[in-house]
Amino acid sequence: MEMEKGMGMEMRAREDIEIGEDITPPIPPLSYALHHSFLHSHCYSCFSPLPLPLNSNYNNTKNHHHYYYCSPACSTTRVVSTEELRILQSHHHHPFSSDLRAALRFLQSHPDDRIAGLLTNCHKLLLQEDDEFAATIREGAKAIATATDMASASAALCLVLTNGVEVQDYDGRNLGIAVYPKNFSWINHSCSPNASYHFFLSPPPPCCPNSTKLRILPQHTVLTKDDEVCQDNGPKIVVRSIKRIKQGEQVTVTYTNLLQPKQMRQSELWSRYRFICCCERCSASPPTNVDHTLQEISSASLDASSVSSDQNVYRDYAIRRLTDYIDDAILQYLSFGDPELCCEKLENLLTQGLLYEQLEGGEVKSQPTIKLHPLHFLCLNAYTTLASAYKVRASDLLGLYSEMDEHLLEALDLSRTSAAYSLLLAGATHHLFRFESSLIATVANFWISAGDSLLTLSRSPAWSEFAKWDLPIANPPLLKHICSKCSLMDNFKAILFHREAQNADFEDISSEFLDCVTIITQKVWSFLIPGCCYLRAFKDPIDFSWLGTSKYSSLRDVRPHLCCTAEGHLQERMHIFQLGVHCLLYGGYLASICYGRHSNLTSQVQNILDCEECLINDSHESD
Ligand SMILES: [Zn+2]
Ligand SMILES: [Zn+2]
Ligand SMILES: [Zn+2]
């Protein structure tokens, strides 16, 4: 990845590009390496999940089960050298373990052109003798220097560290590292980029099946014929427009998570790539609306006079404390498998804020409570975790005590809290997306998980419990995909079967979606939130327009709504189902813009919907 300005290392559009179009053909990597933790589940060559039980996979006899291939084709395209096998065996604890293998592979496959037109940032990375990062690089270079001299080894490792991209699957997992040639690597970073990239993981196809040409060019340098040449191994990368790009305009992608505030993006870019981002979003003064919101603190008890003198120090300190607290709670869940304690800790913080005491001149001085703004990036992290933790708790409970009534109802409570947090997360990010359209991929994912959560909730076996109170609850004949008020379904089908998403439709589809979803949300929100006092403070999880004007005027304690008839529950269930379908369709539409209409994510949406259709048909037959 390049970041030096004024060196002509940037890519510009050859022609006008609309939103949601492929800008490059699938580009194969110069070098790549699967991360150690995926060696037993993914193909060493193409990174796709292994289709067969491990022992029947294609592997070569020298392998000793260190790595596997998905097909005979893959096993011939990615031959592992003795040196690589040695690093695989004995250096997998090195912090740059995958980078070492990628660097070695790069050296072996490019014996004559050890730069391949890329920058290495070597001088910057190795600059300081006492720098821990530099020491780790030197130690790593030593490991690969048996195959070459030390200078080439460090240069290759720096090249991988500077240009390497994490190859992600559609679940957002980082499978491995890959270095792409300059027609990708010369694309600069921006925190408000106009393009995004995704990967093709599959066994090697026949050469060059894709018709898309390279639609970008460097400004001063000329790409040679070799730059467009098609090899056929490794995970391929495709760049796609997420905004309209004019001919001659610079094409940019992001190297970092765009849902972080400026300071975090900058420190991550610095520690990983050693550059300071000067993009439009970073240089905006005052900070952009989104960056301001992502780090806003609110506190009713924050007394201006007591903090004005050292407000910044106090603020920084408070944020560190809050970050530690949240990280700790998340660790509780992810590493120690205690979702319940995690939920309790996060909700305490969200509802009550963090009160702490500070020592000042030997005296304990109480500082005001710090509360986070509901769209603070730490809150967004908390919502993501809570949605997942409540979902796990619900399914654990269903698995353990499926026969017991009270557990069924408790599981239903947990599922609805999970769905409510998913919806809040999607709504909150959507609000930010209105100001920063490059957040499109993130928003697509959040709407899809909200849709998935809501549909899971609508299918919960616990609904049958309500039937015992009153009339038998009918199998839901009212659950229909087609909404009479909007054309989301037609649009989604059209994109799947006939055409790409179109620029002109974007505003219409979004506003139709928001209209429908706002109406349905009003009907179910009070049913989703009774289990959680933080959520009860939100009048509406979708509409955050009140944020800019009078703060929190719209935050109030919503009276939880508990209906007590089977008929009422049938209504709730139907609304939850409809809301889920809307979220899924809109998420699928946004995903088709970022990843193309044939992407895994769009077909995942289609699969969930098809699956619903089967369930409905089954229930009709059993009537
Ligand atoms: Zn493969
Ligand atoms: Zn920036
Ligand atoms: Zn609708």
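As the structure lists them, so they are numbered: ligands from 1, and atoms in each ligand from 1.
Comment: Lys262 does not engage Asp291 in a salt bridge, judged by the lack of any side-chain N to carboxylate O separation of less than 4.0 angstrom.
Judged by distance alone, the side chains of Glu166 and His35 do bring a donor and an acceptor atom under 3.5 Å apart. Side-chain contact annotation: Ser510 with Tyr586, donor-acceptor N/O pair under 3.5 Å present. Counting only N and O atoms by type, the side chains of Ser192 and Glu436 include a donor and acceptor under 3.5 Å apart.
Formation of a donor-acceptor pair under 3.5 Å by the Arg597 side chain with backbone atoms of Ala591 is not found in this model. Asn174 places no side-chain N or O within donor-acceptor distance of the main-chain N or O of Gly176, the cut-off being under 3.5 Å.
Note on the Zn ion (ligand 3): protein N/O/S atoms under 2.8 Å are Cys483 SG, Cys486 SG, Cys516 SG, His582 NE2. The Zn ion (ligand 2) has Cys191 SG, Cys277 SG, Cys279 SG, Cys282 SG as its protein N, O or S neighbours under 2.8 Å.
Closest of all the heavy-atom pairs between Thr602 and Gly588 is CG2-O, 3.2 Å. Residues His582 and Cys486 share a closest heavy-atom pair of NE2-SG, 3.4 Å.
Take the Zn ion (ligand 1) as the corner point: the lines to SG of Cys70 and to SG of Cys43 open at 110°, to the nearest 10 degrees.
If you look at Phe435 and His292, their ring centroids are not closer than 6.0 Å.
Here the CE-OG distance, from Met11 to Ser185, works out to 9.5 Å after rounding to the nearest 0.5 Å.
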